[in-house]
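Scroll down for the structure; my scribbles are underneath it.
Computed from a prediction, not measured in an experiment: that's the story for all the values here.
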Amino acid sequence: MAYKISDECISCGACAAECPVEAIAEGDGKFEIDADACISCGNCANVCPVGAPAEE
């Protein structure tokens, strides 16, 4: 199951830097995860200072 970034995102970019498949990109006001590319590794959730990424 892919991860999704909630509105709690502060656009720090920590998640994007840790994604091994480059599935995370800056979107409109927050970062977004490409669900088709996400491998559900959890790296993004582990580094997020506000806990914005979570499994859908």
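Smallest separation of non-hydrogen atoms from Pro20 and Asn43: CD-ND2, 3.8 Å.
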Under 3.5 Å, side-chain donor or acceptor atoms of residues 27-34 against the rest of the protein: list the pairs with distances, not counting sequence neighbours.
{"unit_1": "Lys30", "atom_1": "NZ", "unit_2": "Ile5", "atom_2": "O", "d": "2.8"}
{"unit_1": "Lys30", "atom_1": "NZ", "unit_2": "Asp7", "atom_2": "OD1", "d": "3.2"}
{"unit_1": "Asp34", "atom_1": "OD1", "unit_2": "Asp36", "atom_2": "N", "d": "3.0"}

Taking only distance into account, with no hydrogens and no angle test, what donor-acceptor pairs under 3.5 Å do side-chain atoms of residues 46-56 form with protein atoms, sequence neighbours excluded?
{"unit_1": "Asn46", "atom_1": "ND2", "unit_2": "Gly42", "atom_2": "O", "d": "3.2"}

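Clustering of Ile, Leu, Val, Met, Phe, Trp and Tyr by side-chain heavy atoms under 4.5 Å joins Val21 with Ile39.
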